[in-house]
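No hydrogens, no waters, no symmetry mates; every other heavy atom, side chains included, goes into these values. Per chain, numbering begins at 1; letters A, B, ... match sequence-line order.
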Amino acid sequence: MAKNKNYLSGKEIRAIAKENAKVMKRLEAEKYRKADESEYLTEMRDSKNILEIDKLHTYFFTEQGVVKAVNGVSFDIPKNATVGVAGESGCGKSVTSMSVMRLLQGPTGQIYSGEIRFNAKEKSGEEKVYDIAKMPIRDIHKIRGNQIAMIFQEPMTSLNPVFTIGQQLDEVTFIHNPDASKEQAKEKSIEMLNLVGIAMPERVYNSFPHELSGGMRQRVMISMALASDPRLIIADEPTTALDVTIQAQILDLLRDLKTKIDGSIMLITHDLGIIAEMADYVVVMYAGRVIEKGTVDEIFHNPMHPYTIGLQKSKPTLNSDSDTLFNIPGNVPNPINMPDYCYFKERCAQCTKKCSGEYPEMIQVSPTHFVACHLYDEGQNDD
Amino acid sequence: MMTDEKKIENFDPQAILEVRNLRKCFPIKKTFFGKVTQELIAVDDVSFKLNAGETLGIVGESGCGKTTLGRAILKLHQPTSGRIIFEGKDITDYKSADMREIRKKMQIIFQDPYSSLPPRSTVGGILSEPVSVHKIVPQNQVKEYVLDLMEKCGLRDYYYERYPHEFSGGQRQRICIARALSVNPKLVICDEPVSALDVSIQAQIINLLKKLQQDMNLTYVFISHDLSVVKFISDKIGVMYLGSMVEFGSKEDIFSNPLHPYTQALFSAIPQPDPDIKMNRIILKGDIPSPANPPKGCRFHTRCPHAKDICKEVTPEYKDYGNGHCAACHLLG
């Protein structure tokens, strides 16, 4: 019988650990270094964008080998736009957002290479472009929670159970504005709670997280994210833990807020329905790579990558009447030791000879529509 | 078997499963002497009939009692009151020894495939056990039978010697399905079988369930919070809210003509994967009230956009509005 790939010998594990330790040590040292601001100041490629992710590689150095969770991801978030990132679990969509926030669990999780350019606005009003990927961790507070805020998936676990909502909300104000008085902080917190549509903000201000329902907690999380007037909100599956009717409330709130705060939203979800409703631009990810990106119309009316097409067909909708669902055969590949060829090859029905070759490049189909598939290699647009 | 079989009134010989006024309460507060002072009514007065070969979809939000209903049908929870009639027998008061025979005919598939398989048994062991216990085939044919079953469920034969941790979520759910079907059941309760899975895997499992239903003439009770999935697989649909069934009917009736305001709101709340559809969304205000302390009158009145004074006082009657389409709402007259 062939050697079982699922098991490694002790010798192999030690070799991997030694190799990993070397890389991790270098990256950790870089992360904790002291650096001058000029080291990580850059220029935006397009001044209309608020965030540009360029060939980002985020790896996890595990004992079984290197997991390339994000493997060369590039996309932009324009100002005042909602960008939806879609994909199945394990495709790297959350790790991308964690990389932007620099919240990766070290020393295993590291940004290996790539650039994340963010257009920050200082208090004085001038705009500065930071490369988040190169920033040392001690300077990250200039951006994290301040210019970029995040709404997490689990409202049940992301609030601290031993402090009242008020204490947790005030803390945001105190951190980003140390001169504020207690009264000012409270006023600001209550204003924020009002903004997210909480009926009795005074009462919620004094209550503990366990006294609130899931939908209310998610509203509190959103108000916390808004407390520092961020330019970009990253919403990582904001409604997955909620019921449909509550989900509708929260989505309605997010749409409303985007116009109010004049910022951008990066919406991460696996639900294509939410993307269709909320997003202006869509990025579809598969196994750590972007396989297709474009405007919401392009992705839903003219999907090109076989995976995007399959994903849309395999979701039952209320308006369709068919007997069997289309299904994509097989499973997502093992993230360790990814093949060189297209990751979707084993599950794809339209494979050609070329697919066994190199990983397909991003091909531009229209000014905004990109796809990574050999089917569209030459003679673009004539599929 | 029970000898003093009670005569069942108004028995419908076509129905494989009939639930009459089922009620399940859980005690939440007791005095020192064990007297129950406060109860949580998880399932309140639910009735329906299901014919052989049909699929009943039960939808509702979390905490509406859909899982408790599924478990009460299997008698994994003893119902507080009401009747469960399965294949013409009233099984409500069966003792556990009598239930063993019935369990062969009714099985359950759980939501989380990661925690519902024993980690220390091989797939072969997991699937052989129910077959041997219930003596479905002679002992020397068990392996052959199990391999045949695995093939039906889309599992390769060399998985027989493997352990559950070696499989992905979709494969595990296939093992769970194979285990439930190993005793040739008539009725299978699927308790959110696809909600823990990814979209592309979800489609595989739903198609498998549909194929197996045709091949083995199964009856499903399909519990889910995802309306699109329920619409795809069901013939009949029951909508639950805070423990009671607010609407019940055939799929066509429910989707083309939802009667209850909650059903209407639920349908309009689902995001559609098409940017052109701009739905006239009904957004419900507020949260679901606590089931331990449900509102008086109609339970939905706190969130209902059309609530009237009568809704706050009187519990609406659950009535048939033609063609088996039932609903409980004052607005329907």
Side-chain angles (χ1 to χ4, degrees), chain A residues 6 86-91 197 199 212-216 239 241-249 251-252 269-280 282 295-297 299-301 307 310-332 347, chain B residues 59-64 154 162 165-171 196-208 210-211 214 225-233 241 252 255 262 265-279 281-290 303:
Chain A
N6 287 328
E88 296 181 275
S89 48
C91 75
L212 307 177
S213 65
M216 288 279 260
T239 56
L242 306 175
D243 284 314
V244 243
T245 55
I246 310 293
Q247 168 176 296
Q249 292 175 1
L251 292 180
D252 196 48
T269 176
H270 65 273
D271 191 336
L272 287 171
I274 295 176
I275 298 253
E277 203 171 284
M278 299 282 297
D280 305 313
V282 185
T295 63
V296 79
D297 281 331
I299 297 289
F300 283 93
H301 293 145
Y307 177 69
L311 206 58
Q312 284 179 24
K313 275 203 236 162
S314 59
K315 174 129 175 80
T317 59
L318 291 181
N319 305 326
S320 66
D321 287 301
S322 60
D323 268 353
T324 45
L325 278 177
F326 176 83
N327 65 49
I328 308 173
N331 283 307
V332 182
R347 305 177 74 186
Chain B
V59 280
E61 296 179 88
S62 50
C64 73
R162 294 215 181 156
H165 74 263
E166 298 176 48
F167 296 98
S168 65
Q171 299 283 21
L197 308 173
D198 276 321
V199 190
S200 66
I201 311 295
Q202 224 176 43
Q204 291 175 8
I205 297 293
I206 295 170
N207 280 344
L208 174 70
K210 246 191 154 164
K211 192 185 128 249
Q214 279 159 8
H225 65 274
D226 189 339
L227 269 169
S228 348
V229 172
V230 166
K231 186 196 172 192
F232 184 76
I233 200 163
Y241 184 77
E252 291 76 22
F255 276 90
Y262 177 65
L266 205 58
F267 286 171
S268 85
I270 307 164
Q272 290 297 309
D274 187 341
D276 288 349
I277 301 176
K278 291 279 175 263
M279 286 179 103
R281 181 146 296 169
I282 309 164
I283 292 183
L284 293 178
K285 288 204 183 76
D287 284 315
I288 309 163
S290 155
R303 302 175 77 198

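Rounded to the nearest 0.5 Å, atoms CD1 (B/I270) and OG1 (A/T245) are 11.0 Å apart. Taking CD from B/Q204 and CD1 from A/I328, the interatomic distance works out to 8.5 Å, rounded to the nearest 0.5 Å. In this structure, the separation between NE2 on B/H225 and CD on A/Q247 is 8.5 Å, given to the nearest 0.5 Å. Atom-to-atom distance recorded for B/I283:CD1 and A/L251:CG is 8.5 Å, nearest 0.5 angstrom.
Contact annotation: the side chain of B/P271 never approaches that of A/M278 to less than 4.5 Å [non-hydrogen atoms, C-beta and beyond]. Put simply, the side chain of A/D243 reaches to within 4.5 Å of the side chain of B/I288, judged on heavy atoms.
The two residues A/A248 and B/A269 have their closest heavy-atom pair at CB-CB, 3.9 Å. Of all the heavy atoms in A/I246 and B/R303, the pair that sits closest is CD1-NH2, 3.9 Å.
Of the possible donor and acceptor atoms, one in the side chain of A/Q249 sits under 3.5 Å from a partner among the backbone N and O of B/L284.
Looking at A/F326, the atoms closer than 4.5 Å to chain B (heavy atoms on both sides) all sit in the backbone: N, CA, C or O. Contacts of A/I275 with chain B are absent, with no heavy-atom separation under 4.5 Å from either backbone or side chain. Interface remark: B/N207 contributes side-chain atoms only to the contact with chain A (heavy atom separation under 4.5 Å). For chain A, the nearby parts of B/S62 are the backbone and the side chain; heavy atoms of each come within less than 4.5 Å. Only the backbone of B/K285 comes within contact range of chain A, with heavy atoms under 4.5 Å apart.
Residue with the most contacts toward chain A among B/D274, B/I206, B/V229: B/D274 (heavy-atom pairs, distance under 4.5 Å). Your options are B/I201, B/I233, B/V230, B/I282, and the one with the most heavy-atom pairs under 4.5 Å with chain A is B/I201.
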